[in-house]
Amino acid sequence: MRREDIANEYKWDLSHLVADDESWEQLVSSVQERLPLLAQYEGQLGDKQVLKECLEKMTEIEKDFGRIVTYATMHKDENTKNFGYVAMADRAHSLGASLAAATSFVVPQLSKMEDEYLQGLLVDYDFSDYDMMIKGIIRAKAHILNDGEEKILALASDVLHTFYNTHGAFDNADLKLPKIKLDGKWVTLTHGTYAMALQNSNQKTRKDAFDNLYRAYAKNINTLASNYAGAVKAGVLMAKVRGYKNALARELDGEGIPTAVYDNLIQAVGDALPMLHEYVAYRATYFDECNMYDMYLPLIEGADIKMEYEDAYELVKTALQPLGDEYQELLCKAKQESWIDVYETDNKRSGAYSWGTYGVHPYVLLNYKQTTHDIFTVAHEMGHAMHSYYSSEALPFSKAEYSIFNAEVASTVNEVLLIKHLLSTTTDKHLRRYLNQYYLDMFRTTIFRQTMFSEFERTSHEMVESGQSLTSGALCDVYYQLNQKYYGEAVKHNDAIKYEWSRIPHFYRPFYVYKYATGLTTAVCLAKKILQGDTESYFAFLKSGGSKLPHDILVDAGVDLTTTEPYEIAMQEFRDALAELLK
C-alpha cells in the first residue's frame with residue numbers, strides 16, 4: 001500500500017519535532033556552529049561557574065540534536081527508499097559523532113577532580129540537574145586508572161569489541177543456509193523464515209528448518225566458539241584491569257545494579273522449574289513425540305483475535321482503565337494528535353517501536369495487522385510512550401531518560417493488564433485456553449528462557465575466570481545440560497539444540513538478557529498492585545526516569561529484586577494460568 005493512500009489520521013505528524021526540511025537544515029547549521037565553542041571549556045571544569053556554563057551549553061545542543069536525529073530517522077523509516085531522508089539520517093548520525101567528540105572531555109576531566117570537589121557539586125543547587133551524572137562519575141572513579149593506562153585501554157577498545165562485529169558478519173552475511181519448503185513454496189532459510197517455520201503446523205517443516213539451521217552452525221562451531229571465547233576473555237580482562245571482582249560485577253556496575261539481582265534471578269527461576277516442566281509436559285500431549293522444534297507451535301487454533309485498528313485501540317484503552325482518567329486522556333491525545341504511524345506501507349520499516357526526544361511528545365511506529373500479536377503490540381508500544389511522556393514531563397533533560405534495565409517494564413505492564421482484562425471479560429472456553437497459553441508462553445520465553453541464557457553467560461565467564469578453556473565442546477555441553485535442566489523430561493532434547501548458544505547475538509552484549517526476565521517479573525508485580533487499586537507507586541515509577549539508580553526506582557515502587565517476593569508473585573501468575581489451562 002502506498003503511503004499517500006493512508007488517511008492522515010493514521011500517520012504521525014513529525015512537524016511537532018521540526019516544522020519542515022528547511023527548518024531542519026537551519027537547526028543542523030545551528031548545532032554545527034555551536035559545537036566548536038565547547039572547546040573553550042576544556043581544562044577549565046575545576047571552576048564551578050565554568051562547569052555550569054559548559055553543562056548548560058551541552059544540554060541546549062543535545063536537545064536540538066535530539067530533534068534533528070529523530071526527525072530525519074523517522075522520516076527515513078516511513079520509506080526506507082526515500083534517499084533524501086536516508087541521506088538526512090546519515091548526516092544526523094554523523095553530527096551525533098561530532099557531538100560526542102566535542103563533549104568527550106567532560107567526563108574524563110571530572111573524573112580527575114578531587115572527591116571533595118565532586119561531593120561539593122552534589123550539595124550545590126546549581127548542579128541538582130546533573131547529580132546522577134556526578135554520582136556515576138564518583139562511583140566509577142574507583143575503577144579509573146592513570147592517564148597512561150587509560151590511553152592504552154582507549155587505543156585497545158576497538159580491538160576488544162571486534163567479537164560482536166565478527167559474529168554479526170558471520171550471522172548476517174557469511175552463514176550459508178539452504179532452501180526449505182514453507183507452505184508449499186521453496187524459500188531460503190533465514191532468521192525470519194526460521195521463526196515462521198517453527199510456528200508452522202507441519203511438523204516436518206519445523207524439523208527441516210531446525211535441522212538445516214543447526215547443521216550450518218555446527219559446521220562452523222569451532223570458529224564461533226573461538227570468537228565467543230575471545231569476547232568472554234576480553235570482558236574478564238577488562239574487569240581485572242579495572243579492579244572489579246569479576247566480569248558480571250563490572251557489567252552490572254554500569255547501571256548500578258547489585259549483583260544480588262542477577263544471582264537471585266537465577267536461583268528463584270531455578271526453584272520454579274518444576275512448573276515449567278509441567279507446562280512443557282502439557283504441550284507434549286499434543287504430539288506423538290515433542291521435540292525442541294515443537295516448542296513454538298501455537299497449540300490453540302482458531303482463537304486469534306481479529307479486529308480493525310480503531311477497535312483494537314479502544315480495547316487497549318479499556319484494558320488500561322485501571323490506570324485512571326489522566327492516562328486515558330493521554331491515550332486519546334496520542335491518537336488525536338498524530339503520535340502514531342499505524343499501517344504498513346511500501347518500504348516502511350518493519351516491526352514496531354516507540355521513540356522521541358525531550359521536549360516533544362513520544363511517537364509510535366506500528367505496522368498494524370488484524371492479529372492478537374498486533375493488538376498486544378499496540379498496548380506494548382503505548383506503554384513505552386507513556387513512560388517517556390511522564391518522565392520527560394516530570395524531570396529535566398539530564399535525568400529524563402530511563403535506563404535499559406527499566407525500559408521494558410511499562411510496556412509489559414500494559415500487556416499484562418490487557419491479557420488480564422481479556423481473561424476477565426470472556427467466557428469463551430476456547431479463547432480462554434488461547435489467552436492462557438499466550439500468557440504462559442510469555443513467561444516461558446521471557447523469564448525462563450532468558451534466565452537460562454543468563455545462567456549460560458555466568459557459567460562461561462566463571463569458566464574463564466577459573467582458568468578453564470571455552471572450547472566448542474565445553475560450551476555445547478554447558479548449553480545442552482542447561483536445556484535439559486530448564487525444559488525437563490517431557491521434551492526430546494534434540495542433539496542439535498546444543499549449538500543454539502552460537503546463534504544468540506545478545507551474548508556479545510554480556511549480561512544483558514537477564515533484563516528481559518527481570519522486566520516481566522517487575523511488570524507482573526506492578527500490574528497486580530494496579531489491579532488492587534494502588535496506582536500511586538506505579539506513576540511514581542513512570543515519573544522517575546533516570547533520577548535514581550534503576551533498581552532503587554523499582555524498590556521505591558515496591559519491587560525489590562534482591563528478595564524472593566517478586567519472583568513468588570510472578571510464578572503464582574504462571575501457576576494460576578497453568579492450572580486453568582490444565583483444567
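Hydrogens, waters and symmetry mates play no part in the numbers below; they use all other heavy atoms, side chains included. Numbers here are sequence positions counted from 1.
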Step by step, work out the side-chain contact (heavy atoms from CB on, under 4.5 Å) result for Tyr514 and Ile266. CA-CA 9 Å; Tyr514 83 98; Ile266 292 175; over 6 Å; no

State which residue, out of Thr521, Val555, Leu265, Asn264, fulfils the side-chain contact (heavy atoms from CB on, under 4.5 Å) condition with Leu561. Thr521

Parallel, tilted or perpendicular, as decided by the 30° and 60° cut-offs, for the rings of Tyr228 and Trp501: tilted

Please check: side-chain N/O of Glu278 versus main-chain N/O of Arg575, any donor-acceptor pairing under 3.5 Å? no

With sequence neighbours excluded, residues passing ring-ring contact (aromatic ring centres under 6.0 Å, His included) with Tyr309: Tyr313, Tyr368

If you measure from OG on Ser502 to CG on Asn222, what distance do you get to the nearest 0.5 Å? 11.0 Å

Minimum side-chain heavy-atom gap Met386-Tyr327 below 4.5 Å: yes

Flag side-chain contact, heavy atom, 4.5 Å: Phe443 against Val524: yes

What distance separates Asp263 CG from Leu248 CG, expressed to the nearest 0.5 Å? 6.5 Å

Is the backbone of Lys498 close enough, under 3.5 Å, to the side chain of Asn483 for a donor and an acceptor to pair up by distance? no

Within this structure, what is the CE-NE2 distance for the pair Met238 and His143, rounded to the nearest 0.5 Å? 12.0 Å

Set of residues satisfying ring-ring contact (aromatic ring centres under 6.0 Å, His included) with respect to Tyr499, sequence neighbours excluded: none

Hey, does the side chain of Asp534 reach the backbone of Lys529 with a donor-acceptor pair shorter than 3.5 angstrom? no

As a quick check of understanding, evaluate side-chain hydrogen bond (donor to acceptor under 3.5 Å, both in side chains) for Asp441 and Gln437, giving each step before the final call. CA-CA 6 Å; Asp441 277 335; Gln437 190 224 313; 2.7 Å; yes

Value for NE2 (His421) from CG (Leu531), rounded to nearest 0.5 Å, stands at 11.5 Å

Glu573/Lys528 ion pair, N-O < 4.0 Å: no

Counting only heavy atoms from other residues, nucleotides and ligands, does the tally under 6.0 Å from CD of Glu401 exceed 12? no

Heavy-atom side-chain proximity of Leu224 to His167 below 4.5 angstrom: yes

side-chain contact (heavy atoms from CB on, under 4.5 Å) between Thr564 and Gln267, worked out: CA-CA 9 Å; Thr564 60; Gln267 180 64 49; over 6 Å; no

Any luck finding a side-chain donor-acceptor pair between Tyr353 and Asp77 under 3.5 Å? yes

Are the side chains of Met382 and Leu331 in contact, using a 4.5 Å heavy-atom criterion? yes

Report yes if some heavy atom in the side chain of Arg503 is under 4.5 Å from a heavy atom in the side chain of Leu175; otherwise report no. no

Minimal heavy-atom distance between Tyr487 and His493, with the atoms involved, is CB-CE1, 3.7 Å

Evaluate the side-chain hydrogen bond (donor to acceptor under 3.5 Å, both in side chains) criterion for residues Asn227 and Tyr508: first the C-alpha distance (whole Å), next the side-chain angles of each, then the deciding distance (0.1 Å), finally the verdict. CA-CA 10 Å; Asn227 189 57; Tyr508 290 89; 3.2 Å; yes

Going through the checks in order, is the ring-ring contact (aromatic ring centres under 6.0 Å, His included) test met by His506 and Phe453? CA-CA 9 Å; His506 281 92; Phe453 287 172; 8.6 Å; no

Straight-line distance of Thr318 OG1 to Leu418 CG, nearest 0.5 Å: 10.0 Å

Ignoring hydrogens, what is the shortest heavy-atom contact between Arg283 and Asp294? Give both atom names and the distance. NH2-O, 3.2 Å

State whether the side chain of Thr426 and the backbone N or O of Asp428 hold a donor-acceptor pair below 3.5 Å, judged by distance alone. yes

Counting only heavy atoms not in Lys369 (residues, nucleotides, ligands), do more than 12 fall under 6.0 Å from its NZ? yes

Within 45° cone and under 6.0 Å: Arg444 NZ/CZ vs Tyr486 ring: no

Can you name the nearest heavy-atom pair linking Leu431 to Ala303, along with the distance? CD1-O, 3.5 Å

side-chain hydrogen bond (donor to acceptor under 3.5 Å, both in side chains) assessment of Asp374 paired with Thr371: CA-CA 5 Å; Asp374 281 40; Thr371 69; 3.0 Å; yes

Determine the interplanar angle of the Tyr217 and Tyr214 rings, folded into 0 to 90°, and report it as parallel if under 30°, tilted if 30 to 60°, perpendicular if over 60°. tilted

Please round to the nearest 0.5 Å and tell me the distance separating atom OG1 of Thr166 and atom CG of Asp171. 12.0 Å

Please determine whether side-chain contact (heavy atoms from CB on, under 4.5 Å) holds for the pair Thr522 and Thr412, giving the CA-CA distance in whole Å, both sets of side-chain angles, and the decisive distance to 0.1 Å. CA-CA 9 Å; Thr522 300; Thr412 313; over 6 Å; no

Can you name the nearest heavy-atom pair linking Ser201 to Leu297, along with the distance? CA-CD1, 3.9 Å

Would Asp253 and Arg139 pass as an ion pair if we require N to O under 4.0 Å? yes

If you define the side chain from C-beta out and look only at heavy atoms, does anything of Asp208 sit under 4.5 Å from Lys204? yes

Is a side-chain donor-acceptor pair under 3.5 Å present for Ser388 with Tyr402? yes

Over 60° means perpendicular and under 30° means parallel, so tell me whether Tyr434 and Tyr438 are parallel, tilted or perpendicular. tilted

Residues, nucleotides or ligands: over 12 heavy atoms within 6.0 Å of Gln532 CD: yes

Looking only at heavy atoms, the pair that brings Met196 and Leu182 closest together is CE-CD2, 4.1 Å

Tell me the closest heavy-atom pair linking Lys485 and Leu273, and the distance in Å. O-CD1, 3.6 Å

Evaluate whether atom OH of Tyr164 has more than 12 neighbouring non-hydrogen atoms of other residues, nucleotides or ligands under 6.0 angstrom away. no

Can you confirm whether more than 12 heavy atoms, excluding those of Gln572, are under 6.0 Å from its CD atom? yes

Show your reasoning for whether side-chain hydrogen bond (donor to acceptor under 3.5 Å, both in side chains) applies to Thr190 and Thr193. CA-CA 5 Å; Thr190 64; Thr193 56; 3.1 Å; yes

Tyr279/Leu582 under side-chain contact (heavy atoms from CB on, under 4.5 Å): CA gap, chis, key distance, verdict: CA-CA 9 Å; Tyr279 176 52; Leu582 295 176; over 6 Å; no

Check: Asn291 and Lys207 side chains under 4.5 Å, non-hydrogen atoms: no

Do the charged groups of Glu408 and Lys515 touch, with an N to O distance under 4.0 Å? no

Do Asp560 and Glu565 have side chains that approach each other closer than 4.5 Å (heavy atoms only, starting at C-beta)? no

Do side-chain atoms of Ser226 reach the backbone of Thr223 as a donor and acceptor pair under 3.5 angstrom? no

Going by atom types alone, do Asn436 and Arg433 pair a side-chain donor with an acceptor below 3.5 Å? no

